[in-house]
S.K.: 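Could you have a look at this structure, given as C-alpha coordinates, before my questions?
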Number of protein chains: 2
Amino acid sequence: MPHSYRYPRAALTVDCVIFGYDTEDLKVLLIQRDSPPFEGRWALPGGFVDVGEPLEEAARRELKEETGVEKVYLEQLYTFGDDVKRDPRERVVSVAYYALAKLSDHRVQAATDARNAAWFQVADAPSLAFDHDQVLEMALTRLKGKVRYQPIGFELLPPKFTLTQLQRLYETLLEASLDKRNFRKKLLAMGLLEELDEIEQDVAHRAARLYRFDKRAYRDLQKRGLHFEL
Amino acid sequence: MPHSYRYPRAALTVDCVIFGYDTEDLKVLLIQRDSPPFEGRWALPGGFVDVGEPLEEAARRELKEETGVEKVYLEQLYTFGDDVKRDPRERVVSVAYYALAKLSDHRVQAATDARNAAWFQVADAPSLAFDHDQVLEMALTRLKGKVRYQPIGFELLPPKFTLTQLQRLYETLLEASLDKRNFRKKLLAMGLLEELDEIEQDVAHRAARLYRFDKRAYRDLQKRGLHFEL
DNA sequence: CCAAAAGTGTTTCCGATACACCCATGA
DNA sequence: TCATGGGTGTATCGGAAACACTTTTGG
(Lines give C-alpha, C1' and ligand atoms only; values in the text may rest on other atoms or scores of the structure.)
Protein backbone atom coordinates (compact mmCIF):
# COMPACT_ATOMS: atom_id res chain seq x y z
CA MET A 1 0.00 0.00 0.00
CA PRO A 2 2.50 2.58 -1.07
CA HIS A 3 0.26 5.51 -1.99
CA SER A 4 -0.82 7.75 0.85
CA TYR A 5 -2.75 10.98 0.94
CA ARG A 6 -3.62 13.55 3.58
CA TYR A 7 -7.34 13.03 2.92
CA PRO A 8 -9.20 9.97 1.69
CA ARG A 9 -9.86 9.91 -2.03
CA ALA A 10 -12.67 8.54 -4.18
CA ALA A 11 -11.80 5.94 -6.77
CA LEU A 12 -12.25 7.07 -10.34
CA THR A 13 -13.69 4.84 -13.05
CA VAL A 14 -14.99 5.08 -16.59
CA ASP A 15 -18.01 3.24 -17.95
CA CYS A 16 -19.06 2.92 -21.58
CA VAL A 17 -22.44 2.55 -23.19
CA ILE A 18 -21.72 1.05 -26.60
CA PHE A 19 -24.57 1.28 -29.05
CA GLY A 20 -24.81 -0.76 -32.21
CA TYR A 21 -27.48 -0.98 -34.87
CA ASP A 22 -28.62 -4.04 -36.68
CA THR A 23 -30.90 -3.17 -39.64
CA GLU A 24 -33.75 -3.55 -37.20
CA ASP A 25 -32.92 -2.73 -33.63
CA LEU A 26 -30.73 -0.59 -31.49
CA LYS A 27 -28.38 -2.76 -29.42
CA VAL A 28 -26.08 -2.27 -26.50
CA LEU A 29 -22.96 -4.24 -25.67
CA LEU A 30 -22.82 -5.57 -22.12
CA ILE A 31 -20.40 -7.73 -20.19
CA GLN A 32 -21.15 -10.21 -17.50
CA ARG A 33 -19.31 -9.58 -14.26
CA ASP A 34 -17.00 -12.40 -13.16
CA SER A 35 -16.39 -11.20 -9.60
CA PRO A 36 -18.17 -9.43 -6.76
CA PRO A 37 -19.89 -7.13 -6.33
CA PHE A 38 -22.78 -8.05 -8.59
CA GLU A 39 -21.03 -11.25 -9.69
CA GLY A 40 -22.84 -12.76 -12.64
CA ARG A 41 -24.86 -9.63 -13.36
CA TRP A 42 -24.60 -7.80 -16.66
CA ALA A 43 -22.90 -4.42 -16.59
CA LEU A 44 -21.47 -1.73 -18.80
CA PRO A 45 -17.84 -2.28 -19.74
CA GLY A 46 -15.58 -0.03 -17.71
CA GLY A 47 -12.93 0.10 -15.04
CA PHE A 48 -10.48 2.15 -13.07
CA VAL A 49 -8.67 5.13 -14.50
CA ASP A 50 -4.93 4.98 -14.20
CA VAL A 51 -3.44 8.00 -12.43
CA GLY A 52 -1.41 8.98 -15.48
CA GLU A 53 -4.07 8.24 -18.02
CA PRO A 54 -6.38 10.73 -19.78
CA LEU A 55 -10.04 9.96 -19.19
CA GLU A 56 -11.02 9.28 -22.77
CA GLU A 57 -7.99 7.06 -23.22
CA ALA A 58 -9.08 5.04 -20.20
CA ALA A 59 -12.52 4.64 -21.73
CA ARG A 60 -11.06 3.42 -25.03
CA ARG A 61 -8.70 1.07 -23.25
CA GLU A 62 -11.44 -0.55 -21.20
CA LEU A 63 -13.60 -0.78 -24.28
CA LYS A 64 -10.94 -2.65 -26.14
CA GLU A 65 -9.87 -4.86 -23.23
CA GLU A 66 -13.34 -5.94 -22.28
CA THR A 67 -15.15 -6.10 -25.60
CA GLY A 68 -12.60 -5.85 -28.40
CA VAL A 69 -14.33 -2.74 -29.74
CA GLU A 70 -11.99 -0.01 -30.94
CA LYS A 71 -11.87 3.04 -33.18
CA VAL A 72 -15.42 4.08 -32.49
CA TYR A 73 -17.15 7.39 -32.07
CA LEU A 74 -16.88 8.13 -28.36
CA GLU A 75 -18.26 11.01 -26.36
CA GLN A 76 -18.42 11.87 -22.70
CA LEU A 77 -21.92 11.48 -21.31
CA TYR A 78 -22.08 12.41 -17.65
CA THR A 79 -20.21 11.89 -14.41
CA PHE A 80 -22.02 9.81 -11.84
CA GLY A 81 -21.03 10.72 -8.34
CA ASP A 82 -24.03 11.99 -6.44
CA ASP A 83 -24.83 8.66 -4.85
CA VAL A 84 -21.85 7.99 -2.60
CA LYS A 85 -22.93 4.35 -2.25
CA ARG A 86 -23.34 3.59 -5.96
CA ASP A 87 -20.51 1.11 -5.49
CA PRO A 88 -21.02 -0.87 -2.26
CA ARG A 89 -17.29 -1.23 -1.62
CA GLU A 90 -16.22 2.37 -1.42
CA ARG A 91 -16.78 5.80 -2.90
CA VAL A 92 -16.46 5.55 -6.66
CA VAL A 93 -17.04 8.36 -9.09
CA SER A 94 -17.58 7.21 -12.63
CA VAL A 95 -17.21 9.20 -15.82
CA ALA A 96 -19.60 7.66 -18.31
CA TYR A 97 -19.05 7.70 -22.09
CA TYR A 98 -21.20 6.52 -24.91
CA ALA A 99 -19.92 4.98 -28.09
CA LEU A 100 -21.45 4.31 -31.48
CA ALA A 101 -20.17 1.21 -33.21
CA LYS A 102 -20.81 -0.26 -36.61
CA LEU A 103 -22.22 -3.64 -35.61
CA SER A 104 -20.84 -5.27 -38.76
CA ASP A 105 -17.28 -4.59 -37.52
CA HIS A 106 -17.88 -6.01 -34.08
CA ARG A 107 -20.03 -9.04 -34.43
CA VAL A 108 -17.46 -11.66 -33.56
CA GLN A 109 -15.66 -10.04 -30.69
CA ALA A 110 -18.50 -10.46 -28.29
CA ALA A 111 -17.57 -13.93 -27.12
CA THR A 112 -13.78 -13.84 -27.59
CA ASP A 113 -12.66 -12.18 -24.37
CA ALA A 114 -12.20 -13.75 -20.99
CA ARG A 115 -15.40 -12.08 -19.90
CA ASN A 116 -18.70 -12.93 -21.38
CA ALA A 117 -19.85 -10.12 -23.62
CA ALA A 118 -23.03 -9.86 -25.68
CA TRP A 119 -25.17 -7.48 -27.66
CA PHE A 120 -28.62 -6.91 -26.19
CA GLN A 121 -31.57 -5.17 -27.72
CA VAL A 122 -31.78 -1.94 -25.82
CA ALA A 123 -35.48 -2.46 -25.35
CA ASP A 124 -35.04 -5.70 -23.44
CA ALA A 125 -31.70 -5.33 -21.71
CA PRO A 126 -31.51 -7.06 -18.33
CA SER A 127 -31.33 -5.20 -15.04
CA LEU A 128 -27.72 -4.07 -14.68
CA ALA A 129 -25.12 -3.90 -11.91
CA PHE A 130 -24.41 -0.72 -9.94
CA ASP A 131 -26.40 2.26 -11.26
CA HIS A 132 -25.81 1.19 -14.83
CA ASP A 133 -29.51 1.08 -15.66
CA GLN A 134 -29.56 4.77 -15.02
CA VAL A 135 -26.43 5.33 -17.11
CA LEU A 136 -27.89 3.40 -20.00
CA GLU A 137 -31.11 5.34 -19.80
CA MET A 138 -29.29 8.65 -19.88
CA ALA A 139 -27.17 7.54 -22.82
CA LEU A 140 -30.27 6.55 -24.71
CA THR A 141 -31.93 9.88 -24.05
CA ARG A 142 -28.81 11.67 -25.19
CA LEU A 143 -28.50 9.63 -28.35
CA LYS A 144 -32.13 10.18 -29.27
CA GLY A 145 -31.80 13.87 -28.67
CA LYS A 146 -28.48 14.37 -30.36
CA VAL A 147 -29.30 12.44 -33.49
CA ARG A 148 -31.69 15.23 -34.49
CA TYR A 149 -29.17 18.00 -34.76
CA GLN A 150 -25.85 16.25 -35.26
CA PRO A 151 -25.10 13.70 -37.96
CA ILE A 152 -23.94 10.99 -35.59
CA GLY A 153 -26.36 8.40 -36.87
CA PHE A 154 -23.90 7.57 -39.63
CA GLU A 155 -21.52 6.17 -37.02
CA LEU A 156 -23.95 3.31 -36.53
CA LEU A 157 -24.10 2.33 -40.20
CA PRO A 158 -21.51 0.72 -42.43
CA PRO A 159 -19.49 3.22 -44.49
CA LYS A 160 -21.68 2.56 -47.52
CA PHE A 161 -25.39 2.40 -46.95
CA THR A 162 -28.68 2.76 -48.76
CA LEU A 163 -31.16 5.53 -48.10
CA THR A 164 -33.63 3.00 -46.82
CA GLN A 165 -31.14 1.74 -44.25
CA LEU A 166 -30.55 5.30 -43.15
CA GLN A 167 -34.25 5.98 -42.91
CA ARG A 168 -34.87 2.82 -40.88
CA LEU A 169 -32.13 3.85 -38.49
CA TYR A 170 -33.70 7.25 -37.96
CA GLU A 171 -37.09 5.70 -37.53
CA THR A 172 -35.71 3.43 -34.85
CA LEU A 173 -33.88 6.20 -33.03
CA LEU A 174 -36.67 8.73 -33.22
CA GLU A 175 -39.38 6.15 -32.62
CA ALA A 176 -41.43 7.57 -35.45
CA SER A 177 -42.20 6.63 -39.00
CA LEU A 178 -40.97 8.97 -41.69
CA ASP A 179 -42.20 9.67 -45.18
CA LYS A 180 -39.85 8.14 -47.72
CA ARG A 181 -39.96 10.92 -50.28
CA ASN A 182 -39.66 13.70 -47.76
CA PHE A 183 -36.83 11.96 -45.98
CA ARG A 184 -34.84 11.55 -49.20
CA LYS A 185 -35.51 15.07 -50.33
CA LYS A 186 -34.30 16.49 -47.06
CA LEU A 187 -31.20 14.38 -46.68
CA LEU A 188 -30.07 14.84 -50.26
CA ALA A 189 -30.75 18.59 -50.09
CA MET A 190 -28.25 18.88 -47.24
CA GLY A 191 -25.52 17.82 -49.61
CA LEU A 192 -23.89 15.61 -47.00
CA LEU A 193 -24.37 12.35 -48.85
CA GLU A 194 -22.00 11.28 -51.56
CA GLU A 195 -23.79 9.27 -54.20
CA LEU A 196 -21.69 6.26 -55.13
CA ASP A 197 -21.64 4.36 -58.41
CA GLU A 198 -22.38 1.18 -56.56
CA ILE A 199 -25.47 -0.69 -55.63
CA GLU A 200 -26.17 -3.16 -52.86
CA GLN A 201 -25.53 -6.82 -53.57
CA ASP A 202 -27.36 -10.07 -52.99
CA VAL A 203 -30.83 -8.76 -52.47
CA ALA A 204 -33.89 -10.46 -53.84
CA HIS A 205 -35.26 -7.34 -55.45
CA ARG A 206 -34.07 -4.23 -57.20
CA ALA A 207 -30.74 -3.24 -55.70
CA ALA A 208 -30.55 0.18 -54.06
CA ARG A 209 -27.92 2.79 -54.69
CA LEU A 210 -25.22 3.16 -52.05
CA TYR A 211 -24.27 6.44 -50.39
CA ARG A 212 -21.45 7.55 -48.17
CA PHE A 213 -21.49 10.29 -45.54
CA ASP A 214 -19.36 13.19 -46.74
CA LYS A 215 -17.41 14.38 -43.71
CA ARG A 216 -15.72 17.15 -45.63
CA ALA A 217 -19.01 18.63 -46.72
CA TYR A 218 -20.20 18.51 -43.14
CA ARG A 219 -17.17 20.37 -41.87
CA ASP A 220 -17.71 23.01 -44.53
CA LEU A 221 -21.33 23.28 -43.48
CA GLN A 222 -20.29 23.79 -39.88
CA LYS A 223 -17.83 26.49 -40.81
CA ARG A 224 -20.58 28.38 -42.55
CA GLY A 225 -22.40 28.28 -39.21
CA LEU A 226 -25.15 26.03 -40.48
CA HIS A 227 -26.65 23.10 -38.67
CA PHE A 228 -27.62 19.62 -39.53
CA GLU A 229 -31.20 19.07 -38.55
CA LEU A 230 -33.44 16.06 -38.46
CA MET B 1 -0.81 10.67 5.90
CA PRO B 2 -3.34 8.10 7.08
CA HIS B 3 -5.05 7.19 3.80
CA SER B 4 -3.31 4.59 1.69
CA TYR B 5 -4.29 2.84 -1.49
CA ARG B 6 -2.89 0.02 -3.57
CA TYR B 7 -2.65 2.29 -6.62
CA PRO B 8 -2.16 6.05 -6.80
CA ARG B 9 -5.34 8.04 -7.18
CA ALA B 10 -6.23 11.27 -8.93
CA ALA B 11 -7.57 14.12 -6.86
CA LEU B 12 -11.17 15.05 -7.57
CA THR B 13 -12.40 18.62 -7.69
CA VAL B 14 -15.45 20.59 -8.78
CA ASP B 15 -15.39 23.93 -10.58
CA CYS B 16 -18.29 26.26 -11.17
CA VAL B 17 -19.03 28.70 -13.94
CA ILE B 18 -21.54 31.12 -12.44
CA PHE B 19 -23.36 33.26 -14.96
CA GLY B 20 -25.24 36.41 -14.11
CA TYR B 21 -27.10 38.91 -16.24
CA ASP B 22 -27.21 42.62 -15.80
CA THR B 23 -29.81 44.28 -18.08
CA GLU B 24 -27.04 44.63 -20.60
CA ASP B 25 -24.33 42.00 -20.40
CA LEU B 26 -23.72 38.43 -19.49
CA LYS B 27 -21.34 38.22 -16.54
CA VAL B 28 -19.32 35.52 -14.86
CA LEU B 29 -18.26 35.38 -11.22
CA LEU B 30 -14.54 34.76 -10.69
CA ILE B 31 -12.30 34.55 -7.68
CA GLN B 32 -8.72 35.63 -7.36
CA ARG B 33 -6.39 32.87 -6.18
CA ASP B 34 -4.58 33.61 -2.93
CA SER B 35 -2.04 30.81 -3.12
CA PRO B 36 0.02 28.88 -5.65
CA PRO B 37 -0.30 27.61 -8.24
CA PHE B 38 -1.48 30.58 -10.27
CA GLU B 39 -1.38 32.85 -7.23
CA GLY B 40 -3.04 36.15 -8.02
CA ARG B 41 -4.68 34.85 -11.17
CA TRP B 42 -8.44 34.79 -11.58
CA ALA B 43 -10.11 31.40 -11.59
CA LEU B 44 -13.45 29.67 -11.40
CA PRO B 45 -14.64 28.99 -7.86
CA GLY B 46 -14.17 25.36 -6.94
CA GLY B 47 -12.28 22.93 -4.78
CA PHE B 48 -11.79 19.40 -3.62
CA VAL B 49 -14.61 16.93 -3.29
CA ASP B 50 -14.88 15.31 0.10
CA VAL B 51 -14.84 11.51 -0.04
CA GLY B 52 -18.28 11.25 1.50
CA GLU B 53 -19.81 14.11 -0.40
CA PRO B 54 -22.06 13.94 -3.47
CA LEU B 55 -20.62 15.83 -6.44
CA GLU B 56 -23.35 18.39 -6.79
CA GLU B 57 -23.29 19.05 -3.08
CA ALA B 58 -19.57 19.75 -3.31
CA ALA B 59 -20.22 22.22 -6.10
CA ARG B 60 -22.86 24.05 -4.08
CA ARG B 61 -20.66 24.09 -1.01
CA GLU B 62 -17.71 25.60 -2.86
CA LEU B 63 -19.99 28.09 -4.52
CA LYS B 64 -21.26 29.26 -1.19
CA GLU B 65 -17.93 29.24 0.60
CA GLU B 66 -16.06 31.13 -2.07
CA THR B 67 -18.64 33.52 -3.43
CA GLY B 68 -21.66 33.53 -1.13
CA VAL B 69 -23.89 32.44 -3.97
CA GLU B 70 -26.50 29.84 -3.06
CA LYS B 71 -29.82 28.41 -4.20
CA VAL B 72 -29.08 28.76 -7.86
CA TYR B 73 -29.85 26.71 -10.91
CA LEU B 74 -26.92 24.32 -11.21
CA GLU B 75 -26.14 21.74 -13.84
CA GLN B 76 -23.23 19.47 -14.56
CA LEU B 77 -21.26 20.61 -17.59
CA TYR B 78 -18.35 18.30 -18.33
CA THR B 79 -15.56 16.46 -16.60
CA PHE B 80 -12.09 17.69 -17.43
CA GLY B 81 -9.50 15.00 -17.14
CA ASP B 82 -7.88 14.41 -20.50
CA ASP B 83 -4.93 16.65 -19.79
CA VAL B 84 -3.11 14.89 -16.95
CA LYS B 85 -1.09 18.05 -16.28
CA ARG B 86 -3.99 20.48 -16.11
CA ASP B 87 -2.97 21.03 -12.50
CA PRO B 88 0.82 21.33 -12.27
CA ARG B 89 0.95 19.76 -8.81
CA GLU B 90 -0.58 16.38 -9.49
CA ARG B 91 -3.27 14.60 -11.44
CA VAL B 92 -6.56 16.35 -10.84
CA VAL B 93 -9.83 15.48 -12.49
CA SER B 94 -12.42 18.22 -12.26
CA VAL B 95 -16.15 17.94 -12.65
CA ALA B 96 -17.34 21.29 -13.96
CA TYR B 97 -20.79 22.74 -13.28
CA TYR B 98 -22.46 25.83 -14.52
CA ALA B 99 -24.82 27.96 -12.51
CA LEU B 100 -27.32 30.66 -13.39
CA ALA B 101 -27.72 33.36 -10.78
CA LYS B 102 -30.01 36.34 -10.50
CA LEU B 103 -27.45 39.12 -10.32
CA SER B 104 -29.77 41.27 -8.21
CA ASP B 105 -29.54 38.71 -5.38
CA HIS B 106 -25.77 38.48 -5.47
CA ARG B 107 -24.43 41.94 -6.03
CA VAL B 108 -22.96 42.54 -2.60
CA GLN B 109 -21.40 39.21 -1.85
CA ALA B 110 -18.64 39.57 -4.34
CA ALA B 111 -16.28 41.43 -2.03
CA THR B 112 -17.35 39.99 1.34
CA ASP B 113 -15.40 36.75 1.43
CA ALA B 114 -11.80 36.23 2.37
CA ARG B 115 -11.00 35.78 -1.26
CA ASN B 116 -11.42 38.49 -3.78
CA ALA B 117 -14.42 37.78 -5.95
CA ALA B 118 -15.84 39.84 -8.78
CA TRP B 119 -18.28 39.77 -11.65
CA PHE B 120 -16.66 40.11 -15.07
CA GLN B 121 -18.28 40.66 -18.40
CA VAL B 122 -17.94 37.35 -20.13
CA ALA B 123 -16.71 39.10 -23.25
CA ASP B 124 -13.70 40.59 -21.50
CA ALA B 125 -12.85 38.13 -18.77
CA PRO B 126 -9.14 37.87 -18.00
CA SER B 127 -7.05 34.86 -18.83
CA LEU B 128 -7.79 32.28 -16.15
CA ALA B 129 -5.82 29.80 -14.05
CA PHE B 130 -5.53 26.10 -14.96
CA ASP B 131 -7.66 25.20 -17.99
CA HIS B 132 -10.48 27.41 -16.80
CA ASP B 133 -10.58 29.43 -20.01
CA GLN B 134 -11.58 26.26 -21.74
CA VAL B 135 -14.16 25.44 -19.08
CA LEU B 136 -15.68 28.90 -19.37
CA GLU B 137 -15.84 28.63 -23.13
CA MET B 138 -17.60 25.31 -22.97
CA ALA B 139 -20.08 26.61 -20.41
CA LEU B 140 -20.86 29.55 -22.65
CA THR B 141 -21.41 27.32 -25.65
CA ARG B 142 -23.69 25.11 -23.60
CA LEU B 143 -25.67 28.03 -22.23
CA LYS B 144 -26.15 29.53 -25.67
CA GLY B 145 -27.25 26.21 -27.06
CA LYS B 146 -29.51 25.22 -24.23
CA VAL B 147 -31.33 28.49 -23.93
CA ARG B 148 -33.04 27.76 -27.26
CA TYR B 149 -34.87 24.68 -26.20
CA GLN B 150 -35.11 24.90 -22.44
CA PRO B 151 -36.51 27.81 -20.48
CA ILE B 152 -33.43 28.38 -18.38
CA GLY B 153 -33.06 32.02 -19.32
CA PHE B 154 -35.55 32.89 -16.59
CA GLU B 155 -33.02 31.79 -13.99
CA LEU B 156 -30.97 34.84 -14.91
CA LEU B 157 -33.79 37.35 -14.43
CA PRO B 158 -35.50 38.58 -11.27
CA PRO B 159 -38.72 36.73 -10.47
CA LYS B 160 -40.77 39.55 -11.98
CA PHE B 161 -39.62 40.95 -15.28
CA THR B 162 -40.84 42.85 -18.30
CA LEU B 163 -41.05 41.41 -21.76
CA THR B 164 -38.42 43.84 -22.94
CA GLN B 165 -35.99 42.62 -20.27
CA LEU B 166 -36.63 39.06 -21.38
CA GLN B 167 -36.12 39.95 -25.00
CA ARG B 168 -32.85 41.77 -24.27
CA LEU B 169 -31.62 38.72 -22.37
CA TYR B 170 -32.34 36.45 -25.31
CA GLU B 171 -30.75 38.90 -27.70
CA THR B 172 -27.62 38.87 -25.57
CA LEU B 173 -27.49 35.10 -25.27
CA LEU B 174 -28.28 34.38 -28.88
CA GLU B 175 -26.20 37.26 -30.20
CA ALA B 176 -28.99 38.27 -32.51
CA SER B 177 -31.62 40.96 -32.59
CA LEU B 178 -35.19 39.83 -32.40
CA ASP B 179 -38.39 41.36 -33.65
CA LYS B 180 -40.39 42.77 -30.75
CA ARG B 181 -43.84 41.78 -32.00
CA ASN B 182 -42.84 38.31 -33.07
CA PHE B 183 -41.00 37.70 -29.81
CA ARG B 184 -43.99 38.69 -27.72
CA LYS B 185 -46.41 36.71 -29.83
CA LYS B 186 -44.32 33.58 -29.52
CA LEU B 187 -43.58 33.80 -25.82
CA LEU B 188 -47.14 34.62 -24.83
CA ALA B 189 -48.48 31.88 -27.10
CA MET B 190 -46.49 29.32 -25.13
CA GLY B 191 -48.57 30.11 -22.08
CA LEU B 192 -45.57 29.97 -19.77
CA LEU B 193 -45.74 33.58 -18.67
CA GLU B 194 -48.05 34.68 -15.93
CA GLU B 195 -49.27 38.22 -16.52
CA LEU B 196 -49.13 40.14 -13.26
CA ASP B 197 -51.22 43.13 -12.20
CA GLU B 198 -48.09 45.10 -11.57
CA ILE B 199 -45.95 47.43 -13.58
CA GLU B 200 -42.33 48.37 -13.26
CA GLN B 201 -41.50 51.33 -11.03
CA ASP B 202 -39.29 54.42 -11.25
CA VAL B 203 -38.82 54.54 -14.98
CA ALA B 204 -38.79 57.79 -16.92
CA HIS B 205 -41.32 56.61 -19.46
CA ARG B 206 -44.40 54.47 -19.72
CA ALA B 207 -44.06 51.62 -17.22
CA ALA B 208 -44.16 48.11 -18.60
CA ARG B 209 -46.25 45.24 -17.33
CA LEU B 210 -44.49 42.63 -15.21
CA TYR B 211 -44.58 38.90 -15.89
CA ARG B 212 -43.55 35.83 -13.98
CA PHE B 213 -42.39 32.50 -15.34
CA ASP B 214 -45.03 29.87 -14.68
CA LYS B 215 -43.16 26.74 -13.60
CA ARG B 216 -46.32 24.75 -13.19
CA ALA B 217 -47.42 25.45 -16.76
CA TYR B 218 -44.00 24.39 -17.96
CA ARG B 219 -44.15 21.09 -16.12
CA ASP B 220 -47.57 20.45 -17.64
CA LEU B 221 -46.17 21.25 -21.05
CA GLN B 222 -43.35 18.77 -20.52
CA LYS B 223 -45.74 16.05 -19.46
CA ARG B 224 -47.67 16.51 -22.67
CA GLY B 225 -44.39 15.81 -24.43
CA LEU B 226 -44.09 19.29 -25.85
CA HIS B 227 -40.99 21.39 -26.00
CA PHE B 228 -40.07 24.94 -25.29
CA GLU B 229 -38.35 26.42 -28.29
CA LEU B 230 -36.62 29.66 -29.04
C1' DC C 1 -44.50 69.01 -25.44
C1' DC C 2 -40.81 66.11 -25.87
C1' DA C 3 -38.17 61.90 -25.16
C1' DA C 4 -38.38 57.13 -24.34
C1' DA C 5 -40.11 52.90 -24.36
C1' DA C 6 -44.73 50.09 -24.36
C1' DG C 7 -47.89 47.92 -26.87
C1' DT C 8 -50.34 46.02 -30.88
C1' DG C 9 -52.07 42.90 -36.44
C1' DT C 10 -51.63 41.67 -40.94
C1' DT C 11 -49.37 40.03 -45.02
C1' DT C 12 -45.83 37.34 -47.16
C1' DC C 13 -42.99 33.61 -47.74
C1' DC C 14 -40.79 29.32 -47.29
C1' DG C 15 -40.13 24.96 -45.49
C1' DA C 16 -42.81 20.89 -43.75
C1' DT C 17 -46.19 17.66 -44.79
C1' DA C 18 -49.24 14.71 -47.21
C1' DC C 19 -49.83 11.71 -50.75
C1' DA C 20 -49.57 7.19 -55.03
C1' DC C 21 -47.69 5.16 -58.79
C1' DC C 22 -44.29 2.98 -61.93
C1' DC C 23 -39.72 0.54 -62.14
C1' DA C 24 -36.06 -2.90 -61.64
C1' DT C 25 -34.63 -7.25 -60.03
C1' DG C 26 -34.34 -12.03 -58.48
C1' DA C 27 -36.90 -15.97 -57.36
C1' DT D 1 -45.14 -13.32 -63.54
C1' DC D 2 -45.00 -12.19 -59.09
C1' DA D 3 -43.23 -10.34 -54.84
C1' DT D 4 -40.29 -7.00 -52.94
C1' DG D 5 -38.49 -2.92 -52.23
C1' DG D 6 -36.41 1.30 -55.18
C1' DG D 7 -37.22 5.50 -56.85
C1' DT D 8 -39.74 9.83 -57.99
C1' DG D 9 -43.03 15.20 -58.00
C1' DT D 10 -46.62 18.30 -56.68
C1' DA D 11 -50.10 20.67 -54.09
C1' DT D 12 -51.37 22.32 -49.53
C1' DC D 13 -50.76 24.08 -45.09
C1' DG D 14 -48.96 26.42 -41.20
C1' DG D 15 -45.63 28.71 -38.69
C1' DA D 16 -41.80 32.22 -39.22
C1' DA D 17 -40.53 36.57 -40.65
C1' DA D 18 -41.14 41.16 -42.12
C1' DC D 19 -42.99 45.35 -41.14
C1' DA D 20 -44.82 50.90 -38.57
C1' DC D 21 -47.61 53.44 -36.01
C1' DT D 22 -50.17 54.91 -31.73
C1' DT D 23 -50.13 55.15 -26.64
C1' DT D 24 -48.47 56.14 -22.11
C1' DT D 25 -45.63 58.29 -18.85
C1' DG D 26 -42.18 61.24 -16.57
C1' DG D 27 -39.28 65.05 -17.03
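Computed from heavy atoms alone, side chains included, the values below leave out hydrogens, waters and symmetry copies. All values derive from a computational prediction rather than experimental measurement. Here is the naming used below: chain letters follow the sequence lines, and residue numbers restart at 1 for every chain.
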S.K.: ring-ring contact (aromatic ring centres under 6.0 Å, His included): which pairs involve residues 185-230 of chain B, sequence neighbours left out?
M.R.: B/Phe154-B/Phe213
S.K.: Rounded to whole angstroms, how far apart are CD on B/Glu229 and P on C/dA16?
M.R.: 12 Å
S.K.: Please indicate whether A/Glu137 has more than 12 foreign heavy atoms, meaning atoms of other residues, nucleotides or ligands, lying under 6.0 Å from its CD.
M.R.: no
S.K.: A/Ala96: what forms a side-chain contact (heavy atoms from CB on, under 4.5 Å) with it, not counting sequence neighbours?
M.R.: A/Leu77, A/Phe80, A/Val135
S.K.: Under a 3.5 Å cutoff on both atom distances, Watson-Crick or G-U, what's the dot-bracket for DNA chain D ([ ] crossing, | other strand)?
M.R.: |||||||||||||||||||||||||||
S.K.: Which pairs count as side-chain hydrogen bond (donor to acceptor under 3.5 Å, both in side chains) when at least one residue sits in residues 183-192 of chain B, sequence neighbours excluded?
M.R.: B/Thr164-B/Arg184, B/Asn182-B/Lys185
S.K.: Can you tell me how far apart CG (A/Leu63) and SG (A/Cys16) are? Round to the nearest 0.5 Å.
M.R.: 4.5 Å
S.K.: For A/Arg148 and C/dA16, give me the distance from atom CZ to atom C1', rounded to whole Å.
M.R.: 14 Å
S.K.: Tell me the closest heavy-atom pair linking B/Leu26 and B/Thr172, and the distance in Å.
M.R.: N-CG2, 4.1 Å
S.K.: Does the protein touch nucleotides 6-14 of chain D at the base, only the backbone, or not at all? Give it as B, S and - per nucleotide, heavy atoms under 4.0 Å.
M.R.: BBBBB----
S.K.: I need the single residue from B/Glu195, B/Glu198, B/Glu200 that forms a salt bridge (charged side-chain N to carboxylate O under 4.0 Å, His left out) with B/Arg209. Which is it?
M.R.: B/Glu195
S.K.: Nearest-Å distance, CE (A/Met190) to P (C/dG15)?
M.R.: 13 Å
S.K.: So which pairs with a foot in residues 126-147 of chain B pass ring-ring contact (aromatic ring centres under 6.0 Å, His included), sequence neighbours left out?
M.R.: B/Phe38-B/Phe130, B/Phe130-B/His132
S.K.: Both B/Ile199 and B/Lys186 contact DNA chain D. Which one's nearest nucleotide lies toward the 5' end?
M.R.: B/Lys186
S.K.: In this structure, how many angstroms lie between the P atom of D/dA18 and the CG atom of B/Leu178, rounded?
M.R.: 11 Å
